[in-house]
Amino acid sequence: MVHLRDTLKSEAAKAAAREGRSLDQFVNEAVEEKLRHTRHVTTIQDRGAPLEDDGVEAAR
């Protein structure tokens, strides 16, 4: 798990450098973009099927 985190951090740092931004700025903008996308996506429910709590939590 630590290796994966270090690899992701390294790749993010490389991408930030290519775009001329700091790692913090790059990560903050990525998180903001993800949040904007998440706010516009709603859960689609089949009205004929019973709602499963596990499925709703997984979709969020």
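Residue numbers start at 1 and run along the sequence shown.
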Colleague: For Ser22 and Ala16, which heavy atoms make the closest approach, and how far apart are they?
Modeller: O-CB, 3.7 Å
Colleague: Which residues pass the side chain to side chain contact (heavy atoms under 4.5 Å, CB included) test with Arg18, not counting sequence neighbours?
Modeller: Lys14, Ala15
Colleague: Test of understanding: with side chain to side chain contact (heavy atoms under 4.5 Å, CB included), list the residues that count as partners of Ala13, not counting sequence neighbours.
Modeller: Leu23
Colleague: Which residues pass the salt bridge (Lys or Arg N to Asp or Glu O under 4.0 Å) test with Glu33, sequence neighbours left out?
Modeller: Arg36
Colleague: Identify each donor-acceptor pair in which a side-chain atom of residues 1-9 lies under 3.5 Å from a protein atom, sequence neighbours left out, and give them as a table.
Modeller:
| residue | atom | partner | partner atom | Å |
| --- | --- | --- | --- | --- |
| Thr7 | OG1 | His3 | O | 2.9 |

